[in-house]
Amino acid sequence: MERKKVKELLSGPVIGEEVLVKGWVRTRRGNKNISFIALNDGSTINNIQVVADMSRFDESQLRDITTGACIAVTGILVESQGQGQNVEINANSIELYGKCDQETYPLQKKGHSMEFLREHAHLRFRTNTFSAVFRIRHAMAFAIHKYFNDKGFFYLHTPIITGSDAEGAGEMFRVTTLEPGNPPRNEQGEIDYTRDFFGKPTNLTVSGQLEGELGALALGEIYTFGPTFRAENSNTPRHLAEFWMIEPEMAFYDLKDNMDLAEDFLKYLIRYALDNCSDDLKFLNSMIDKGLLERLNFVVSNEFVRLTYTEAVGILTSASRKWEFPVGWGRDLQAEHERYLVEEHFKRPVILINYPKEIKAFYMKQNDDGKTVKAMDVLFPGIGEIIGGSQREEDYGKLMNRIQELGLPEKDLWWYLETRKFGTAPHSGFGLGFERMILFMTGMSNIRDVIPFPRTPRNAEF
Ligand code: ATP
Ligand code: MN
């Protein structure tokens, strides 16, 4: 018999049919006449109830069917007499795939802390919360590809190992095959990277943007979606050392087009989740964050506020509030400032543009004021910065000036600079942090809980 998934049985049940289901036992209760097993196979947050008439099974057979055990059940699908479900399975036979020792199984009790579950990341998928989060994460990944594919963007795979350290987006992890204790050295006594695997120093990528631009300046509109690595020692609920980023890059888009795309894209993803993940969202709304659904609906149905960095600094300086980090024109905004603007001042998502050039990357298009660049950050409630992007400097001379002012290694960027010599074009793009998006979508409060196996300072378990 072909196995049926629980989701399928609950959504379009064929009453009276014999079915085969396989899954993990959530709970078993009952008495000496009858046993009720709540079975979950991961296809949905909902369990199917299996009813075992004790006259057909003996006690010893059922004894091992405990929380966490894995079983296969064949039986007849019937309308349920009990509360809380429409259908249930009257079991004819039960096969035990895997027992689950109740003395040592870490997850039998409910209400474990998030920290405890993080230490048991190999098992936390078994909980309602984490299975919901990872189903939503999957749906979002799928929706991202669908959104861009439907718009004619091409998915471009940019390298994970890079030889350029000019991106300036964060601290990098070195990639080398040299022996740490005894690397080859040159005459000056420095490590001789010409004898390393790639013949030069290499790192894990902090962003696919520079390579993404190369693609956009021929294919028109591209996006990347891949792992990104930053060795910054930031122990916050919003930073990972390994995270996933989506980076669209578009020829012929100016900053306004870039903002319009970012807003439309984020709203599309939220709407997709509301339409396709409603059971999981309802669960998270009741168990994790009571304001979740209201917030998601609010964000899809309201326009984002758009204002300049200079205006934002004005609002922050006149706010009657003690800041942990000082506010002033030229200083970067901290999470507390971003969240104040979004959560208290405007009470909706905000797109901030035209930042001082000193606090933004070299490739951003310079404004005529000589002080600011066409940067844009999208700020979200509960998160702060979710997207960072800009219109890119397409003028060879201006870009070169900025590279020299900042003392960046011009020779490593020869390929990037050539696009400005050979048919340059106005273009723009942005980076969305995938896990920050999943935080927003699920109402979870720590970024370590929306990626299956988080990598953070001093933690690379599993
Ligand atoms: P932040 O100021 O929050 O550290 P950033 O300005 O360094 O972020 P960008 O270089 O603009 O980030 O990266 C684009 C997006 O990638 C950010 O808007 C954010 O959503 C995400 N992101 C950046 N760093 C991290 C990280 N360490 N962990 C998870 N997501 C990140
Ligand atoms: Mn940023």
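Whatever order the structure lists ligands and atoms in, that order sets their numbers, starting from 1.
- In summary, the atoms of ligand 1 found under 4.0 Å from a heavy atom of Ile386, numbered by their order in the structure, are 18 (O), 19 (C), 20 (O).
- The closest approach between Met437 and ligand 1 stays at or above 4.0 Å for every heavy atom of the residue.
- Contact annotation: for Arg436 versus ligand 1, heavy atoms closer than 4.0 Å belong to the side chain alone.
- A salt bridge links Arg295 to Asp289: one of the charged nitrogens lies within less than 4.0 Å of a carboxylate oxygen.
- Note: no N/O pair closer than 3.5 Å links Met245 and ligand 1 by distance alone.
- Listed by number with element, the atoms of ligand 1 under 4.0 angstrom from any heavy atom of Gly388 are 11 (O), 18 (O).
- Distance alone, capped at 3.5 Å, places no donor-acceptor pair between the Arg448 side chain and the Leu240 backbone.
- For ligand 1 and Arg238, the ligand atoms under 4.0 Å from any heavy atom of the residue are 28 (N), 29 (C).
- The residue from Tyr272, Phe225, Phe153 that alone fulfils the ring pair (Phe, Tyr, Trp, His ring centres under 6.0 Å) condition with His145 is Phe225.
- With 3.5 Å as the limit, one finds a donor-acceptor pair spanning the side chains of Glu213 and Gln209.
- Checked against Phe125 for a ring pair (Phe, Tyr, Trp, His ring centres under 6.0 Å), the options Trp24, Phe130, Phe462, Phe453 give a single hit: Phe453.
- At least one heavy atom of Ile447 sits under 4.0 Å from some atom of ligand 1.
- Of all the atoms in ligand 1, the ones that sit under 4.0 Å from a non-hydrogen atom of Gly431 are 14 (C), 15 (C).
- Within the listing of ligand 1, atoms 27 (N) sit less than 4.0 angstrom from a heavy atom of Glu232.
- Rounded to the nearest 0.5 angstrom, Phe304 CZ and Arg348 CZ are separated by 10.0 Å.
- Within the 4.0 Å heavy-atom criterion, neither part of Glu435 lies near ligand 1.
- Residue Arg185 places its CZ atom among more than 12 non-hydrogen atoms of other residues, nucleotides or ligands, all under 6.0 Å distant.
- Residue contacts with ligand 1, taken as heavy atom pairs separated by less than 4.0 Å, involve Ile387 solely via the backbone atoms N, CA, C and O.
- Of all atoms in ligand 1, numbered sequentially from 1 with element shown, those under 4.0 Å from a heavy atom of His239 are 1 (P), 3 (O), 4 (O), 26 (C), 27 (N), 28 (N).
- Relative to atom 12 (O) of ligand 1, the option among Glu171, Arg230, Gln334 with the closest non-hydrogen atom is Arg230.
- The existence of a salt bridge linking Lys267 and Glu303 is excluded, since no basic side-chain nitrogen approaches an acidic carboxylate oxygen closer than 4.0 Å.
- Crowding of Phe173 atom CZ: a count of heavy atoms from other residues, nucleotides or ligands under 6.0 Å exceeding 12.
- Inclusion of Leu432 in the set of residues having an N or O under 3.5 Å from an N or O of ligand 1 is not warranted.
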